Each structure stands twice: as C-alpha cells, then as structure tokens.
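See structure below.
The shown structure was predicted, so the numbers you read here are calculated from the model rather than taken from an experiment.
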Amino acid sequence: MKKTTLGLGAIALAAALSLTACGTDEGKLAKEYCDLAKDIKAASDSGDADKLNDATDALNDWIKENEDKKGDPDEFTDAVKDECGDVAQIP
C-alpha cells in the first residue's frame, strides 16, 4: 500500500508539471485524478491483480489524455491534496 501511495504521488506530480499555463479547470482534473487513484487503492486493497492492472491502465490513459492541458501546477497539486486526502499523498 505504501508503495502504491507514493507512486500515485509521483504520478500526480508528473501530471501537475505538465500543466504549464492558465486556462484549465485544475479542480476538475484533480477530481478525475482522485477518482482514478481511489480505484487503484480499492483494487490494491482487494488483492485482485487484474483489477489493479485495469485501474492502473485507466490512470495512465488519463495522464496521456491530459498531458498537454494548460493550467497552474500549484493549483492542481493543491486541488489533488484537498480532493484525495490520504489516497494520493503529494510531498
């Protein structure tokens, strides 16, 4: 679990760094990210490797779809912290 949480934090930071200018709804992106992170946590907790793979693939797809979005990385990071709680810790 700890490795998954830390990994999700790293993914969130990578996603946040891709937000380079104003114009994106960071709160909406954070909610989408957190929903996917919660799916990964639930799959991890279940111990079902197939569910975990599917949830991880969904998050990776989301990152690819949103990697060119423009926005404020700090606002996105703050929104993820607010939205996700303990599911996806960001340093």
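Counting all heavy atoms, side chain and backbone alike, Ser44 lies closest to Leu52 at N-CD1, 4.1 Å. Across Ala30 and Glu83, no two heavy atoms sit closer than the pair O-CG, 4.2 Å. Heavy-atom minimum distance, Ala58 versus Leu36: CB-CD2, 3.9 Å. Nearest heavy atoms, Ala79 versus Glu26: CB-O, 4.1 Å.
To the nearest 0.5 Å, atoms CD (Glu65) and CG (Leu29) are separated by 11.0 Å. If you take NZ on Lys31 and NZ on Lys38, they are separated by 6.5 Å, rounding to the nearest 0.5 Å. Asp78 CG to Glu75 CD: the interatomic distance, rounded to the nearest 0.5 Å, is 8.0 Å.
Screening Ile40, Asp35, Asp39 against Leu59 for a side-chain contact (heavy atoms from CB on, under 4.5 Å) leaves a single residue, Ile40.
Residues Ile63 and Tyr33 fail the side-chain proximity criterion, which asks for heavy atoms closer than 4.5 Å.
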